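In what follows, every heavy atom counts, from backbone to side chain, and hydrogens, waters and symmetry copies are set aside. Ligands are counted one by one from 1 in listed order, and the atoms in each one are counted from 1 as well. Being a predicted model, the structure only gives us computed values, none of them experimental.
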Amino acid sequence: MDRVDFHMHTTFSDGSYTPTELLAYAKEKSLRAVAVTDHDTVSSHDESKAAAAKHGIELIPGIEISCQFEPGTLHILGYFLNPKDPGLLKDLENLQKARAERNPMIIERLNKLGLKITLDEVIQQSGGDQVGRPHFAQVLIKKGYVKNNEDAFRYYLGKGASAYVDKRRLSAKEGIEMITKAGGLAVVAHPKQLKVSDRARLIELFKEWKGYGLRGVEAYSSCQKRDEQKFWHELGNELDLIVTGGSDFHGKNKPDVDLGWMGNGVTMGYEIVDQMRAALQTA
Ligand code: AMP
Ligand code: ZN
Ligand code: FE
Ligand code: FE
């Protein structure tokens, strides 16, 4: 079995497995190749690489960048990029700064709403690396302010909720170019989350992004239902994009998603790795 998974998170962003634990789990799941795609950071790369080598798994360097978009969210995955690229590291540092500016503002809002929570508690929850909203959610759950992650986002942290604070984000063009310049292939993650249902509008958007260098679309995401996956596979083909897939595994932080499964019983074969490699040759 030559299964692969192209979308997963470690403790360096908002997953619950360290890179070492994640790669051990990938071995248990008999995955041949994986891409670790932490949000806005490649800091897990060295540890992931060492663990992958130990288990004989092929590690594809990856990332997931949150870009500006309305009405939904636009996440761009990057594959095969050089995690040591100086331009990339500089851009990522700026994204970390934007996060560091936003996080205390979320605390301030939560405090104003009467919730007792400190930034230190959230930092501790994050394990000391990147701090994201899911870490705020975990602290709110632990303190009994909400019963689960979904409610934490619905009432406080999600877009438009009472303690929501936006952060500076890259435009789609900047996100795609950042990945491409670092030698990577840019792919739109879980396109359902764009929250655009008009087909003509979607085609327009993807054509624009292709103009910036977009190469693929993640049709097979665990957050998309079978008919949605089919829709995105067809649209991807029509737009001449590589059709990819990934679980979006976050460990205990997203308990209903397991590594190696793209939802609806779907798994991905190794052919996709060859297809991406071929695409890299035709930049
Ligand atoms: P951040 O990068 O800190 O803004 O946090 C973004 C992360 O929060 C996403 O990658 C999701 O894991 C999570 N998230 C965002 N919106 C929601 C939502 N409505 N429900 C659950 N999780 C969400
Ligand atoms: Zn995440
Ligand atoms: Fe995402
Ligand atoms: Fe993700």
Side-chain angles (χ1 to χ4, degrees), residues 5-17 22 34-42 44 62-69 71-79 92 95-107 109-110 119 122-123 125-127 129-141 146-170 172 175 179 186-195 217-218 220-224 244-259 261-263:
D5 190 339
F6 273 88
H7 192 155
M8 61 194 70
H9 298 270
T10 75
T11 46
F12 280 85
S13 64
D14 54 355
S16 74
Y17 286 50
L22 183 63
V34 300
V36 175
T37 52
D38 278 316
H39 300 280
D40 302 343
T41 176
V42 288
S44 84
I63 195 161
E64 183 176 18
I65 306 283
S66 309
C67 295
Q68 287 161 19
F69 190 73
T73 43
L74 170 58
H75 288 178
I76 311 232
L77 294 157
Y79 296 121
L92 293 178
L95 294 181
Q96 295 305 322
K97 269 188 209 146
R99 217 169 250 286
E101 283 165 19
R102 176 201 65 172
N103 290 339
M105 298 202 271
I106 298 181
I107 290 292
R109 293 226 174 168
L110 289 169
L119 190 56
V122 181
I123 292 171
Q125 180 67 44
S126 77
D129 293 299
Q130 179 167 273
V131 176
R133 281 180 287 160
H135 302 120
F136 286 81
Q138 285 153 16
V139 176
L140 294 179
I141 295 166
V146 288
K147 65 175 191 297
N148 55 35
N149 187 61
E150 197 188 330
D151 280 0
F153 276 89
R154 181 178 340 177
Y155 297 118
Y156 299 110
L157 305 168
K159 211 169 185 171
S162 58
Y164 178 71
V165 182
D166 204 2
K167 62 178 168 351
R168 228 177 331 113
R169 289 169 199 269
L170 298 181
I179 289 163
V187 171
V188 170
H190 41 63
K192 174 192 187 162
Q193 293 183 21
L194 295 168
K195 294 197 174 142
V217 63
E218 190 185 53
Y220 295 97
S221 168
S222 62
C223 77
Q224 290 164 185
T244 72
S247 63
D248 208 357
F249 181 73
H250 282 69
K252 290 188 203 79
N253 300 338
K254 235 188 204 182
D256 30 347
V257 173
D258 201 4
L259 193 66
W261 294 91
M262 288 82 211

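Using a 4.5 Å heavy-atom cutoff, the side chains of His75 and Ser66 are in contact.
With a 4.0 Å heavy-atom cut-off, ligand 1 is reached by no atom of His9. Within the 4.0 Å heavy-atom criterion, neither part of Arg154 lies near ligand 1. Looking at Lys254 against ligand 1, nothing comes within 4.0 Å, counting heavy atoms.
Here the CG atom belonging to Leu77 is positioned 9.5 Å from the NE2 atom belonging to His39, to the nearest 0.5 angstrom.
Here the protein heavy atom with the shortest distance to atom 6 (C) of ligand 1 is Arg133 NH2, 3.6 Å. The single protein non-hydrogen atom nearest to atom 13 (C) of ligand 1 is Phe153 CZ, 3.5 Å, given as residue, atom name and distance. The nearest protein atom to atom 12 (O) of ligand 1, hydrogens excluded, is given as Asp14 OD2, 3.4 Å; this is a heavy-atom distance.
Excluding water, every protein N/O/S atom under 2.8 Å from the Fe ion (ligand 4) is given here by residue and atom: His7 NE2, His9 NE2, Glu64 OE1, Asp248 OD1.
Looking at residues two or more places apart in sequence or on another chain, you find a side chain to side chain contact (heavy atoms under 4.5 Å, CB included) between Ser221 and His190, Glu218, Cys223, Gln224.
Under the 6.0 Å cut-off for aromatic ring centres, Tyr17 and Phe249 qualify, their centroids lying closer than that.
Close approach of ligand 1 to Asn149 is summarised as follows: ligand atoms under 4.0 Å from at least one heavy atom of the residue are 21 (C), 22 (N). With ligand atoms numbered from 1 in the order given, ligand 1 contributes 5 (O), 7 (C), 8 (O), 12 (O), 13 (C) to contacts under 4.0 Å with heavy atoms of Pro134.
For NZ of Lys159, the number of neighbouring non-hydrogen atoms (other residues, nucleotides, ligands) closer than 6.0 Å is greater than 12.
Within the set Gln193, Arg99, Glu150, the minimum heavy-atom distance to atom 2 (O) of ligand 1 is found for Arg99.
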